[in-house]
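One structure below.
Every chain is numbered from 1 and lettered A, B, ... according to where its sequence line falls, protein lines coming before strand lines.
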Protein chains: 2
Amino acid sequence: MYRLCHPGDGEEAPDLPHGIVKRKRTLKRGETLYRAGEPFRNVYAIRYGSVKTSLVTDDGRVQVTGFHIAGELLGLSAIVTGRYNCEAKALEAAGVCEVRFDQFGELSRQLPSLQYQMLQIMSQELLHNQELMLLLGKKNAKERLATYLLNLSQRFEKRACSYTRFNLTMSRSDIGNYLGLAEETVCRIFSLFHEEGLVTTRSRQIQLNDLDRLKAIARG
Amino acid sequence: MYRLCHPGDGEEAPDLPHGIVKRKRTLKRGETLYRAGEPFRNVYAIRYGSVKTSLVTDDGRVQVTGFHIAGELLGLSAIVTGRYNCEAKALEAAGVCEVRFDQFGELSRQLPSLQYQMLQIMSQELLHNQELMLLLGKKNAKERLATYLLNLSQRFEKRACSYTRFNLTMSRSDIGNYLGLAEETVCRIFSLFHEEGLVTTRSRQIQLNDLDRLKAIARG
DNA sequence: AATTAACATTGACATATGTCAACCATTCCG
DNA sequence: CGGAATGGTTGACATATGTCAATGTTAATT
């Protein structure tokens with residue numbers, strides 16, 4: 001499978017012409033990659049670390065729209081308006097490849113598979129969004145959190161990371177915000193899952209002890 | 001702007017080679033265009049009428065994921081898996097252009113703008129999904145319904161239809177389902193808006209009497 | 001290492017919205 | 001046209017989750 005940028009420890013990805021097209025960039029925890037309203041120039045492939053994206057409404061409410069980890073692509077929803085509609089912020093030290101979008105047309109003539117790949121990525125994101133709609137529209141708090149944990153788990157699995165034990169780089173408040181729940185509700189459900197032996201949490205470290213039961217909960 | 005298929009009364013769109021690439025199809029009210037799990041072969045451009053898409057969970061819960069009107073494109077989230085993940089059903093008599101997806105690669109070599117167009121459309125959809133996340137995650141019932149009505153209004157406006165007076169082709173139950181609300185709640189809010197003179201409803205006909213105030217409500 | 005700030009947890013209580021039920025209005029179809 | 005089916009409305013009441021507040025814990029900073 002074609003990759004815009006290989007996630008990993010920092011070796012240069014061989015797929016694209018060097019230099020012009022992509023540029024590496026590192027972010028400290030809390031640093032902003034782009035803000036809502038800024039002109040759209042680049043998409044970003046995450047090499048390592050994690051990034052959250054969020055929208056702000058006129059009246060100041062915030063909606064976290066996603067958490068993104070190594071191998072994922074950021075900024076695609078900005079294509080249509082030419083401006084980023086959300087802001088992207090590093091949740092921990094992170095590295096990204098900056099890919100200039102205005103060179104995409106050119107690039108995909110040289111590399112026809114890129115076009116196909118792009119459709120795949122965007123389609124994947126649409127699919128994910130639909131699952132999220134289901135979560136936000138129809139699931140209760142337990143189901144939401146279980147679904148969330150399993151989704152993270154799967155994404156780590158794809159990236160050859162441990163999928164039963166990982167670090168939640170986002171705060172409870174971020175999780176709640178993303179899932180349409182209050183921070184306190186997230187805490188309570190974590191405690192509940194902990195009591196029932198489903199997960200073991202120590203601060204932001206989490207271990208999933210019973211994937212099957214979690215799946216059953218996620219389904220309802 | 002390039003169009004896959006011109007919405008309207010049925011004249012053949014001149015943009016694409018006839019025949020091979022696209023085929024017209026008409027649907028009666030309630031008829032299914034595709035079902036979840038079916039192999040993905042086509043995307044569909046709606047020429048007239050309206051279509052709803054919905055997901056079903058293992059335990060039988062349904063989530064309406066969208067309502068689609070003339071000029072909009074259906075099926076893009078199926079690209080990545082090769083199967084439709086939701087089902088699409090006509091809300092009223094409708095006409096669509098069927099566009100074979102396996103000819104897209106070929107086609108966009110002939111018509112380079114198509115590729116660009118495709119990115120635009122998908123990006124637009126991602127953007128819309130994010131607004132929906134905000135709605136489902138952060139807005140209360142009144143805000144949701146106001147947002148919904150305004151969104152429909154805007155889409156009709158783009159298509160040169162009346163944007164203050166239109167027909168809701170979907171049931172209250174569908175609207176509620178889509179917005180993460182009970183059918184009864186939707187009814188109550190409609191009644192409330194009606195009492196306050198914001199809208200005039202007679203069954204499924206609706207007239208928006210005060211867009212500005214609706215906008216204020218939608219924002220919170 | 002001590003101090004401070006940010007984050008997490010838990011309890012008590014409030015409330016928006018869901019659920020259940022009865023009834024009314026439209027639309028569909030023979 | 002009439003009767004049945006589907007869809008819409010309203011009320012009474014239940015409840016999941018939010019809000020507010022107090023306290024504990026972890027991480028950042030000097």
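Using five terminal pairs a side, the axes of the helix from C/dA1-D/dT30 to C/dG30-D/dC1 at its two ends make an angle of 60°, given in steps of 10 degrees.
For the pair A/Arg202 and D/dT25, the criterion of a side-chain N or O lying under 4.0 Å from OP1 or OP2 is not met.
A heavy-atom distance below 4.0 Å to DNA chain C is reached by these residues of residues 163-172 of chain A, ordered by number: A/Ser171, A/Arg172.
A salt bridge is absent between B/Arg47 and B/Glu72; no separation between the charged side-chain nitrogens and carboxylate oxygens falls under 4.0 Å. Salt bridge annotation for A/Glu183-A/Arg172: absent, with no cationic side-chain nitrogen under 4.0 angstrom from a carboxylate oxygen.
A 4.0 Å heavy-atom criterion places the boundary nucleotides of DNA chain C facing chain A at C/dC7 to C/dA12, written 5' to 3'.
Listed by first and then second residue, the side-chain hydrogen bond (donor to acceptor under 3.5 Å, both in side chains) pairs that reach into residues 124-136 of chain B are A/Ser77-B/Gln130, A/Asn85-B/Gln130, sequence neighbours excluded. Contacts classified as salt bridge (Lys or Arg N to Asp or Glu O under 4.0 Å) and involving residues 185-194 of chain B (residues at least two apart or in different chains) are not found.
The side chain to side chain contact (heavy atoms under 4.5 Å, CB included) test applied to A/Arg41 returns A/Pro39, not counting sequence neighbours.
Residue-level contact check: A/Gly30 touches neither bases nor backbone, having no heavy atom under 4.0 Å from any strand. Contact annotation for B/Arg188: base contact, defined as any heavy-atom pair under 4.0 Å involving a base atom. Backbone-only engagement by B/Arg29 is indicated by non-hydrogen atom pairs under 4.0 Å involving sugar-phosphate atoms exclusively. At the heavy-atom level, B/Gly176 lies nowhere under 4.0 Å from the strands shown.
Defined by atom type and a distance below 3.5 Å, a donor-acceptor pair is missing between the side-chain atoms of A/Ser54 and A/Thr65.
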